[in-house]
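Worksheet for the structure shown next.
A, B, ... follow the sequence lines: proteins, then strands. Residue 1 opens every chain.
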Protein chains: 2
Amino acid sequence: MSGAPAGAVESDAARGIRLMIADDEHLIRGALVALLNLEPDIEVVAHADNGVAAVEQAIAARPDVCLLDLEMPGADGIEAAARILAQVSTRVVIVTRHARPGVLRRALASKVSGFVPKSTPAEELAHVIRDVAGGRRYIDPEIAAAALTAERCPLTDRELDALRFSRGAMSVQQIAERLHLAQGTVRNYLSSAMTKLDATSRHDAAEKAWQQGWI
Amino acid sequence: MSGAPAGAVESDAARGIRLMIADDEHLIRGALVALLNLEPDIEVVAHADNGVAAVEQAIAARPDVCLLDLEMPGADGIEAAARILAQVSTRVVIVTRHARPGVLRRALASKVSGFVPKSTPAEELAHVIRDVAGGRRYIDPEIAAAALTAERCPLTDRELDALRFSRGAMSVQQIAERLHLAQGTVRNYLSSAMTKLDATSRHDAAEKAWQQGWI
DNA sequence: CGCCCGGCGTGACAAATGTCACTGGCATAG
DNA sequence: CTATGCCAGTGACATTTGTCACGCCGGGCG
């Protein structure tokens, strides 16, 4: 928000990583801003409290690195990352509370450079930011391992389709219309998915599949 | 963790508020510890990443103020607060992501002194801690207003009974047995509760009632 | 080729769930 | 006293959900 210093300093100036922070929780955002500003080689040049604002801020401030929370109103971190990277030459680090394997895959598909859970020690974060600013990538080893270990999804394509719509409280009727199928068919897929996932209701199944990052 | 300085300094020494911080997210806990330690009159003397550890730490370190996250594994913030206050002469501030009226009521019933959402600006937090250390109370005005505005629970006793069991996935059949009622009766209470709470399923209703602190 | 297997798709059926109309008790206002 | 309203309690009914047995198709395999 503070005006850029007079003209010439470009983003790849030798000293100082220009950082943007986006997190919807004021307390945490404030703490991170203050904390990272203490690092001698990091300068927080912008911050936002939702995905849409994050994109605007990134375009305006052109930071070297963007630190995005995954869970944000408006546009989630990955969506914001995709939009930012499409328009600005920068690198993105995603921070998340619920680090599921599938999310990591989505994130990597959006070309983010870093992926860390909020269980990361604070000191480590500055380290990651420097790595990423230097052109390297950083993926939290725990999550990476989980993503690679994760058993292949046992669900069939159509089962996944049906499950996808089951989140967000659509009725079987509505799902059937949406997929151009008979109600019984949809129920069948859902039932089958429930069996495979050992769930007691389709909401439960959808939840579990989501946790695994399969939908 | 660090050993206490030689003997005599007691917790009500004139200078310095001894603070404990509990939050299960390492990143946030670390940021808060660092940030609040920067305040000249605050000293972070312990921290924990779950409710049980928080109680132990509080007993061991005897801080002046405990800052507890509401959402923690083990024991949630309010439970931890109750246990701490039963054994240590200290004051508790609860910090939470989802600030719902009912939670505030539960918290106050446990004699906590402060209640703030994570949307609080970071600068404000130190202020709150000083207030509380000084024996005053601080309740986030937004939440307080919401709690006072919140209409009285519209549910009848039996509806509440039925809802209580509906959390934890008991079937109508089982609830009926447990309450010595006919299944139809239970369904009726549940249905009525759903209408009153504008919910689409009994789980939904139970969830909403819980959110409000009614069960 | 003939066979079997796995995924897709369907309808019939049963159980669980939610809605409704109704009875009776009890308190309270008129 | 009577009327009114609220809550407890019940069963009949409609809807939704989950399970099953089945038919169809395409792709390996003996």
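Computed from coordinates, the B:E159 CD to D:dC6 P distance equals 13 Å when rounded to whole Å. Spacing between atom CE of B:M194 and atom C1' of C:dT17 amounts to 8 Å, rounded to whole angstrom units. One atom, CG of B:L155, and another, C1' of D:dC6, lie 15 Å apart when rounded to the nearest Å. In this structure, the CD1 atom of A:I175 is 10 Å from the P atom of D:dG18, given to the nearest Å. Between the P atom of C:dT17 and the NE2 atom of B:H203 lies a distance of 7 Å, rounded to the nearest Å. Between B:R202 atom CZ and C:dT19 atom C1' the separation is 14 Å, expressed in whole Å. Taking atom CE of B:M170 as the reference point, atom P of C:dT17 lies 12 Å away to the nearest angstrom. A straight line from CD of B:Q173 to P of C:dA14 spans 19 Å, rounded to a whole angstrom.
A sub-4.0 Å separation between OP1 or OP2 of D:dA8 and a side-chain N or O of B:T156 is present. Within the 4.0 Å cut-off from OP1 or OP2 of C:dT19, not a single side-chain nitrogen or oxygen of B:R187 is found.
Across D:dG9, C:dT17, D:dT17, the shortest atom-to-atom separation from the side chain of A:S171 is found for D:dT17. Side-chain proximity of B:Y189 to D:dT10, C:dT19, D:dA8: nearest is D:dA8. Distances were taken from every side-chain heavy atom of A:S191 (C-beta onward) to each of D:dG9, C:dG11, D:dT19; the shortest belongs to D:dT19.
A:T195 comes within 4.0 angstrom of no nucleic acid atom, judged by non-hydrogen atoms across all strands. Among the atoms of the strands shown, none is found under 4.0 Å from any heavy atom of B:L190. Nucleic acid contact class of A:R158 (heavy atoms, under 4.0 Å, all strands): sugar-phosphate only.
Ranked by how close their nearest DNA chain D nucleotide is to the 5' end, B:G184 and B:D157 are led by B:D157.
Remark: A:Q174 CD is packed, more than 12 non-hydrogen atoms of other residues, nucleotides or ligands lying under 6.0 Å away. With a 6.0 Å radius and a threshold of 12 heavy atoms from other residues, nucleotides or ligands, A:E142 has its CD atom at or below the threshold.
In terms of heavy-atom proximity, A:E39 sits nearest to A:R130 at OE1-NH2, 2.6 Å.
Judged by atom type and distance alone, B:N188 does not reach the base of C:dT19 through any side-chain donor-acceptor pair under 3.5 Å.
Of the listed residues (A:V93, A:I78, A:I84, A:V95), just one forms a side chain to side chain contact (heavy atoms under 4.5 Å, CB included) with A:L68, and that residue is A:I84.
In this structure, B:D69 does not pair ionically with B:R29, as no charged nitrogen and carboxylate oxygen lie closer than 4.0 Å.
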